[in-house]
Asks: 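I have a structure I would like to understand better, so I am pasting it below and will then ask my questions one at a time.
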Number of protein chains: 2
Amino acid sequence: MQRKLPHSNLYLREEELRRGIELLYFAYRDFTRDPDNILADSSFGRAHHRVLYFVGRNPGTTVSGLLSLLRITKQSLSRVLGQLVEDGYVDQVSGVEDRRQRLLYLTDKGKAFEKELFETQRQRVAEAYKKAGPEAVAGFWEVLLNIVNEEEREAVLRQIEK
Amino acid sequence: MQRKLPHSNLYLREEELRRGIELLYFAYRDFTRDPDNILADSSFGRAHHRVLYFVGRNPGTTVSGLLSLLRITKQSLSRVLGQLVEDGYVDQVSGVEDRRQRLLYLTDKGKAFEKELFETQRQRVAEAYKKAGPEAVAGFWEVLLNIVNEEEREAVLRQIEK
DNA sequence: CGATATATGTCAGTGTTATTGACATAATAT
DNA sequence: ATATTATGTCAATAACACTGACATATATCG
């Protein structure tokens with residue numbers, strides 16, 4: 001076991017840990033504000049956005065696929081997904097191999113709305129990337145990935161490397 | 001205006017922007033899980049945690065100080081803060097200069113609980129920092145700060161450099 | 001002094017997102 | 001034939017947030 005020298009681990013002091021915690025909180029707060037503002041004019045909320053986003057990124061995903069990705073309950077998803085289907089943002093198609101499954105796809109209307117919501121966050125993140133530069137962005141990804149639960153990292157990697 | 005060469009801005013493609021968005025979502029999801037699990041056994045929720053955290057970090061802050069930091073409404077804060085005061089986690093002290101103000105402090109009980117909640121996040125973030133190394137951590141901070149609304153960055157800097 | 005502004009608190013109503021538990025149906029797998 | 005899986009649904013509950021309106025105490029300004 002190697003003894004830790006305080007001066008070589010300055011970035012691991014409580015002060016620096018709290019800095020990460022607080023930045024994560026404030027950044028997430030503002031990051032979710034843009035789409036929330038758009039959603040406020042619709043009958044949808046943040047949960048609908050998440051479903052639109054991940055169905056858009058994973059066309060043909062199933063209900064259980066979404067459940068494990070979002071880690072919410074079936075009952076929560078059911079309400080949100082039902083509204084999106086009813087309002088014509090998401091299509092459900094019976095699976096060909098397994099007809100119990102409902103494969104999920106964005107309709108054109110769904111794609112357009114997802115794009116509108118994404119655009120606000122795209123701009124914010126692109127600005128932040130540009131200001132910070134590619135090396136900082138690489139560090140940003142690396143730390144975030146390590147904050148994810150270890151047993152989920154593989155699933156997240158599969159998602160983000162799509 | 002400089003023309004952007006595609007190959008020099010690979011990290012600004014939609015794919016990389018979506019990667020940041022998704023990592024932020026997944027990391028935040030897991031990052032809030034630890035304290036949420038502890039809070040589930042208490043009568044408190046995430047909102048109480050936020051108040052405990054920021055009162056702990058800013059002893060003597062006022063109600064309006066918290067309101068602008070957390071950006072929630074007075075009515076929302078009032079309920080949460082009232083419970084924390086009633087249960088002996090937070091002390092309210094009338095201001096000396098301005099007796100309308102209620103200066104907020106954690107009690108010993110409040111400090112102990114905040115520490116318990118912080119500990120779970122501290123470990124997670126410390127692990128992530130260690131794995132990624134100091135340069136990555138610097139990039140992590142920089143990008144997160146740039147994601148924060150521009151007009152709020154100064155306030156966030158004041159907070160995190162405390 | 002009187003008017004106005006500020007800091008805080010509170011009441012009533014509403015909405016979103018999530019939870020748990022129980023149960024139902026259809027299709028697949030053993 | 002039975003068990004399991006994928007999905008859906010009903011009912012009840014809770015945390016967290018909002019808006020709007022109003023109240024009180026204190027401070028500040030003209």
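Chain letters run A, B, ... following the sequence lines, proteins first, then strands; residues in each count from 1. Just so we're clear, the structure is a prediction, and the values are computed from it rather than from any experiment.
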Asks: Tell me what E97(B) touches on the nucleic acid: a base, only sugar-phosphate, or nothing, going by heavy atoms under 4.0 Å.
Replies: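 Answer is sugar-phosphate: E97(B) comes under 4.0 Å of backbone atoms only.
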
Asks: Does the side chain of Q123(B) come under 3.5 Å of the side chain of D34(B) through a donor N or O and an acceptor N or O?
Replies: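 Note: Q123(B) and D34(B) side chains miss the donor-acceptor criterion.
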
Asks: Which one, dA27(D), dT8(C), dC16(D), comes nearest to the side chain of R50(B)?
Replies: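 Nearest nucleotide to the side chain: dC16(D).
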
Asks: Given dA18(C), dT26(D), dA7(C), which nucleotide is nearest the side-chain atoms of R79(A)?
Replies: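 Taking heavy atoms from C-beta onward, the closest nucleotide is dA18(C).
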
Asks: When you measure from the centre of the six-membered ring of F26(B), is the NZ or CZ of R153(A) closer than 6.0 Å and no more than 45° off the axis?
Replies: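 Here R153(A) fails the 6.0 Å and 45° test against F26(B).
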
Asks: Between the side chains of Y53(A) and E22(B), does any donor sit under 3.5 Å from an acceptor?
Replies: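 Yes - a donor-acceptor pair under 3.5 Å links their side chains.
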
Asks: Please report, rounded to the nearest Å, how far the P atom of dT19(C) is from the CG atom of D36(B).
Replies: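 That distance rounds to 11 Å.
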
Asks: Between D98(A) and H48(B), which residue's closest nucleotide on DNA chain D lies nearer the 5′ terminus?
Replies: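 The 5'-side residue here is D98(A).
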
Asks: Verify the contact: side-chain N or O of S76(A) to OP1 or OP2 of dT19(C), cut-off strictly under 4.0 Å; return yes or no.
Replies: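 Yes, such a contact exists.
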
Asks: Report the distance from atom CG of L67(B) to atom P of dT10(C), rounded to the nearest whole Å.
Replies: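 In whole Å, dT10(C) P and L67(B) CG are 14 Å from each other.
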
Asks: On DNA chain C, nearest-nucleotide positions of R99(A) versus S78(B): which is more 5'?
Replies: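 It is S78(B) whose nearest nucleotide is closer to the 5' end.
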
Asks: Assess whether one donor atom and one acceptor atom, taken from the side chain of R100(B) and the base of dT6(C), lie less than 3.5 Å apart.
Replies: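 Result: at least one qualifying N/O pair found.
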
Asks: Whole Å only: how far is the CZ atom of R102(A) from the P atom of dT25(C)?
Replies: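 Interatomic distance, CZ of R102(A) to P of dT25(C): 14 Å.
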
Asks: Mind checking whether Y25(B) and Y28(A) have ring centres under 6.0 Å apart?
Replies: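 No, they do not, as the ring centres are separated by 6.0 Å or more.
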
Asks: Expressed in angstrom and rounded to an integer, what is the separation of H49(A) atom NE2 from dA18(C) atom P?
Replies: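 H49(A) atom NE2 is separated from dA18(C) atom P by 13 Å.
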
Asks: Nearest to the side chain of V63(A), heavy atoms from C-beta on, is which of dT19(C), dG8(D), dA6(D)?
Replies: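 Shortest atom-to-atom distance from the side chain points to dG8(D).
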
Asks: Starting the side chain at C-beta, find the nucleotide from dT9(D), dT7(D), dG9(C) nearest to S64(A).
Replies: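 Looking only at side-chain atoms, S64(A) lies closest to dT7(D).
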
Asks: Rounded to whole angstrom units, what separation is found between the CG atom of L77(A) and the C1' atom of dT16(C)?
Replies: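 Distance, rounded to whole Å: 15 Å.
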
Asks: Please report the closest heavy-atom contact between E114(B) and L52(B), naming both atoms and the distance.
Replies: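 Distance-wise, the nearest heavy atoms are CG-O, 3.8 Å.
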
Asks: Could you work out which one of dT8(C), dA17(D), dG8(D) sits closest to the side chain of A47(B)?
Replies: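 Per side-chain heavy atoms of A47(B), the pick is dA17(D).
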
Asks: Separation of L81(A) atom CG from dT16(C) atom P, in whole Å?
Replies: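 Going from L81(A) (CG) to dT16(C) (P), I get 17 Å.
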
Asks: Would you mind classifying the nucleic acid contact of Q83(A) as base, sugar-phosphate or nothing, using non-hydrogen atoms under 4.0 angstrom?
Replies: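 Since no nucleic acid heavy atom lies under 4.0 Å of Q83(A), the category is nothing.
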
Asks: Return the value, rounded to whole Å, for the distance between atom CD1 of I72(A) and atom C1' of dA15(D).
Replies: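 Checked: the CD1 to C1' distance equals 16 Å.
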
Asks: Crowded around E151(A) CD? As in, over 12 foreign heavy atoms under 6.0 Å?
Replies: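 Correct, the count exceeds 12.
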
Asks: Does a side-chain N or O of T73(A) approach OP1 or OP2 of dA18(C) to a distance below 4.0 Å, or not?
Replies: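 Answer is no, no contact under 4.0 Å.
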
Asks: Go through the N and O atoms of the side chain of Q75(A) and the base of dG21(C), and report whether any donor-acceptor pair is under 3.5 Å.
Replies: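 Check passes, donor-acceptor contact within cut-off.
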
Asks: Let me know the distance between NZ of K74(A) and C1' of dT9(D), rounded to the nearest Å.
Replies: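 Rounding to the nearest Å, NZ of K74(A) and C1' of dT9(D) are 9 Å apart.
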
